[in-house]
Amino acid sequence: QVQLVESGGGLVQAGGSLRLSCVVSGRTFNRDALGWFRQAPGKEREFVASISRSGGSTDYADSVKGRFTISRDNAKNTVYLQMNSLIPEDTAVYHCAVRGSAYSSRWSSGYDFWGQGTQVTVSS
């Protein structure tokens, strides 16, 4: 059974930082690409960042480029999202996702398994 468990969300003031973690079990972690998506109230789920199987290739939404960093630790079966210079528009539920491929994708339909999400709230 595949499980993805996110943690690290919370309430932070604008300009602050948070580090999200997602532990994956039930998969051979180093065979998968990984992604982070977010969904704000009343909005569709949107791509945030992704990382390839090897970790050598990353991709970011324009809205977070230069502020967020995705990374992975294959020894810990964990993917991270370091979020700096947070703004109120970053407020959303953040989900990690697993893609059974060497290469990541910006499309949510390209991912096979999802976590329940962790809430990030940025106050102004």
Side-chain angles (χ1 to χ4, degrees):
Q1 181 180 357
V2 180
Q3 286 190 314
L4 289 74
V5 180
E6 301 98 335
S7 61
L11 174 63
V12 63
Q13 288 189 333
S17 298
L18 285 173
R19 188 195 195 199
L20 305 184
S21 300
C22 173
V23 180
V24 180
S25 59
R27 298 279 294 181
T28 304
F29 184 78
N30 60 10
R31 291 184 180 178
D32 295 324
L34 302 156
W36 285 97
F37 292 76
R38 67 187 182 186
Q39 188 165 17
K43 295 187 177 182
E44 293 188 355
R45 185 173 294 183
E46 65 173 354
F47 169 76
V48 175
S50 64
I51 188 166
S52 63
R53 174 193 294 176
S54 69
S57 177
T58 57
D59 188 21
Y60 297 93
D62 288 345
S63 59
V64 307
K65 198 172 294 183
R67 300 188 296 122
F68 291 10
T69 303
I70 188 171
S71 61
R72 63 189 295 163
D73 184 339
N74 288 348
K76 296 182 178 179
N77 283 15
T78 302
V79 59
Y80 303 98
L81 186 67
Q82 178 67 44
M83 306 187 295
N84 298 329
S85 302
L86 285 161
I87 59 178
E89 289 75 15
D90 294 321
T91 295
V93 176
Y94 284 71
H95 300 267
C96 64
V98 166
R99 171 175 163 85
S101 170
Y103 304 103
S104 63
S105 171
R106 290 187 166 216
W107 304 105
S108 60
S109 59
Y111 288 80
D112 303 300
F113 300 96
W114 293 82
Q116 291 296 310
T118 185
Q119 176 70 47
V120 171
T121 303
V122 184
S123 64
S124 57

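Throughout, numbering of the chain's residues begins at 1 and tracks the sequence.
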So, [X] side chain and [Y] main chain: donor-acceptor pair closer than 3.5 Å or not?
X: Arg99; Y: Ala33; result: no
X: Arg106; Y: Asp59; result: no
X: Arg53; Y: Leu34; result: no
X: Thr118; Y: Tyr94; result: no

With hydrophobic residues grouped by side-chain heavy-atom distances under 4.5 Å, do [X] and [Y] end up in a single group?
X: Phe29; Y: Val2; answer: yes
X: Val48; Y: Val12; answer: yes
X: Val64; Y: Val120; answer: yes

- Message: Among residues at least two apart in sequence or on other chains, which ones pass side-chain hydrogen bond (donor to acceptor under 3.5 Å, both in side chains) with Lys65?
- Response: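 For Lys65 the side-chain hydrogen bond (donor to acceptor under 3.5 Å, both in side chains) partners, ignoring immediate neighbours, are Asp62.
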- Item | Residues in side-chain hydrogen bond (donor to acceptor under 3.5 Å, both in side chains) contact with Ser123, at least two apart in sequence or another chain |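 Listed in chain order: nothing, the list is empty.
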Locate the shortest heavy-atom distance separating [X] from [Y]; write the atom from each residue and the value.
X: Cys96; Y: Val79; result: CB-CG1, 4.4 Å
X: Tyr60; Y: Ile70; result: OH-N, 2.9 Å
X: His95; Y: Glu6; result: CA-OE2, 3.3 Å

With rounding to the nearest 0.5 angstrom, report the [atom1] to [atom2] distance, [X] to [Y].
X: Ser63; Y: Asp90; atom1: OG; atom2: CG; result: 7.0 Å
X: Phe47; Y: Trp36; atom1: CZ; atom2: CH2; result: 13.0 Å
X: Leu81; Y: Phe37; atom1: CG; atom2: CZ; result: 12.0 Å
X: Gln119; Y: Leu11; atom1: CD; atom2: CG; result: 9.5 Å
X: Asn77; Y: Thr28; atom1: CG; atom2: OG1; result: 9.0 Å
X: Leu86; Y: Thr121; atom1: CG; atom2: OG1; result: 10.5 Å

Show which side-chain atoms of residues 107-117 pair as donor or acceptor with protein atoms under 3.5 Å away, not counting sequence neighbours.
unit_1	atom_1	unit_2	atom_2	d
Tyr111	OH	Ser105	N	3.2
Tyr111	OH	Ser105	O	2.7
Asp112	OD2	Gly100	N	2.8

- Residues forming a salt bridge (Lys or Arg N to Asp or Glu O under 4.0 Å) with Glu46, sequence neighbours excluded: Arg38
- Quick note, salt bridge (Lys or Arg N to Asp or Glu O under 4.0 Å) partners involving residues 22-32, not counting sequence neighbours, are Arg27-Asp32
Going by atom type alone, with no hydrogens or angles, which donor-acceptor pairs under 3.5 Å involve a side-chain atom of residues 14-26 and a protein atom two or more places apart or on another chain?
unit_1	atom_1	unit_2	atom_2	d
Ser17	OG	Asn84	OD1	2.9

